[in-house]
Peer 1: 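For reference, the structure I am asking about is given below.
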Amino acid sequence: KDRYIEYKVQTSVIEGNGFDLLAMGKPEGPGCYCYVNNVLRNVVDKLIKDYEYVIIDNEAGLEHLSRRTTRHADTLLVVAHNTPVALRAAQRVSDLVDELKIRTGKKLLLLNASVRGVSQDLLADLKLTLAGNIPDDEAVAGLSVSGEPVWKLPASAPAYKALQDLLNKVITK
């Protein structure tokens with residue numbers, strides 16, 4: 001079973017221009033996925049060695065972390081809206097990473113909307129470093145409506161510029 005699951009993961013990697021993509025689906029039906037998550041953790045550990053940069057994009061929530069499909073991250077980037085409820089959830093993510101002893105280098109917060117209206121005291125209380133914010137952007141909305149990927153954003157779009165700033169903060173050699 002281990003080799004079959006590893007094979008399925010390896011053959012699911014889509015090779016792109018400048019990056020590869022492994023999209024993971026949701027489990028089908030009820031039941032425990034502990035075995036699959038253990039195999040997945042081992043496969044991810046092997047895949048990581050083949051790449052200079054690896055981004056693991058989890059769905060919102062704590063479940064993926066508690067499954068411990070990764071045990072180390074150079075950078076934990078928590079994305080949240082700029083509301084008190086979302087910022088408290090972001091802090092819970094950070095706390096869970098500590099509790100599970102997932103090793104992280106930097107712990108960053110990315111706000112995915114304008115920062116106006118957020119209490120600076122609330123931001124200051126977080127154990128996450130504010131890396132920036134991706135502003136509301138009509139170009140992103142247009143791509144989303146038409147089903148186009150975000151990498152088709154024009155370089156002049158505010159969100160594109162904000163993402164470039166973020167990359168400069170996150171990627172260190």
Side-chain angles (χ1 to χ4, degrees), residues 1-29 31-80 90 93 96-97 100 102-113 128 131-173:
K1 280 185 179 179
D2 290 11
R3 282 185 268 160
Y4 176 74
I5 293 171
E6 184 173 344
Y7 167 78
K8 293 299 280 185
V9 170
Q10 292 280 354
T11 58
S12 297
V13 174
I14 300 167
E15 295 180 2
N17 185 14
F19 67 93
D20 295 345
L21 175 68
L22 173 62
M24 309 286 274
K26 63 179 181 153
E28 298 298 325
C32 177
Y33 289 87
C34 297
Y35 171 76
V36 173
N37 286 318
N38 285 332
V39 174
L40 179 60
R41 182 181 313 113
N42 293 332
V43 172
V44 167
D45 285 346
K46 288 178 187 175
L47 279 174
I48 285 173
K49 294 174 185 171
D50 295 332
Y51 295 92
E52 186 173 359
Y53 300 104
V54 175
I55 298 171
I56 300 175
D57 181 7
N58 295 329
E59 292 179 1
L62 304 174
E63 189 174 342
H64 294 283
L65 291 171
S66 62
R67 290 179 183 161
R68 298 194 70 208
T69 49
T70 188
R71 293 170 276 217
H72 171 75
D74 294 325
T75 302
L76 173 70
L77 181 65
V78 180
V79 181
V93 168
L96 181 61
V97 165
L100 294 173
I102 297 172
R103 292 173 305 164
T104 57
K106 297 182 256 185
K107 285 184 176 180
L108 304 176
L109 172 67
L110 177 65
L111 298 176
N112 63 355
L128 296 159
N133 71 297
I134 306 299
D136 292 329
D137 188 333
E138 289 300 318
V140 173
L143 289 174
S144 181
V145 167
S146 64
E148 295 292 327
V150 73
W151 57 80
K152 289 193 175 182
L153 271 175
S156 60
Y160 182 92
K161 291 176 183 175
L163 284 169
Q164 288 294 58
D165 289 344
L166 174 68
L167 285 174
N168 291 334
K169 289 179 183 175
V170 171
I171 296 176
T172 55
K173 295 210 175 206

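Note that the structure is a prediction, hence the values are computed from the model and not measured.
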Peer 1: Hey, could you give me the NE2/OG1 distance between His72 and Thr104, rounded to the nearest 0.5 Å?
Peer 2: 8.5 Å
Peer 1: Output yes when a side-chain donor or acceptor of Ser12 lies under 3.5 Å from a complementary backbone atom of Lys8, and no otherwise.
Peer 2: yes
Peer 1: Quick check: closest heavy atoms across Ala162 and Asn133, and the distance to 0.1 Å?
Peer 2: CB-O, 3.4 Å
Peer 1: How many angstroms lie between CZ in Arg103 and CG in Asp74, if you round to the nearest 0.5 Å?
Peer 2: 9.5 Å
Peer 1: Which heavy-atom pair separates Ala90 from Leu128 by the least distance, and what is that distance?
Peer 2: O-CD1, 3.7 Å
Peer 1: Between Leu77 and Leu166, is a side-chain contact (heavy atoms from CB on, under 4.5 Å) present by the stated rule, with each step listed?
Peer 2: CA-CA 10 Å; Leu77 181 65; Leu166 174 68; 4.0 Å; yes
Peer 1: Take atom CD in Gln164; do more than 12 heavy atoms of anything else shown fall under 6.0 Å from it?
Peer 2: yes
Peer 1: Return the CG to CD1 distance between Asp20 and Ile14, rounded to the nearest 0.5 Å.
Peer 2: 9.5 Å
Peer 1: Determine the minimum heavy-atom distance between Pro149 and Leu143, stating which atoms define it.
Peer 2: O-CD1, 3.6 Å
Peer 1: Taking Lys106 for its side chain and Lys169 for its backbone only, find out whether a donor-acceptor pair lies under 3.5 Å.
Peer 2: yes
Peer 1: Could you report the tightest heavy-atom contact between Lys107 and Val97, atom names first, then the distance?
Peer 2: CE-CG1, 4.3 Å
Peer 1: Which atoms form the tightest heavy-atom contact between Leu153 and Ala159, and what is the distance?
Peer 2: CD1-CB, 4.1 Å
Peer 1: On a heavy-atom basis, which atom in Ala80 and which in Leu109 lie closest, and how many Å separate them?
Peer 2: CB-CD1, 4.1 Å
Peer 1: Tell me whether the count of non-hydrogen atoms from other residues, nucleotides or ligands lying under 6.0 Å of CZ in Phe19 goes above 12.
Peer 2: yes
Peer 1: OH of Tyr4: more than 12 outside heavy atoms within 6.0 angstrom?
Peer 2: no
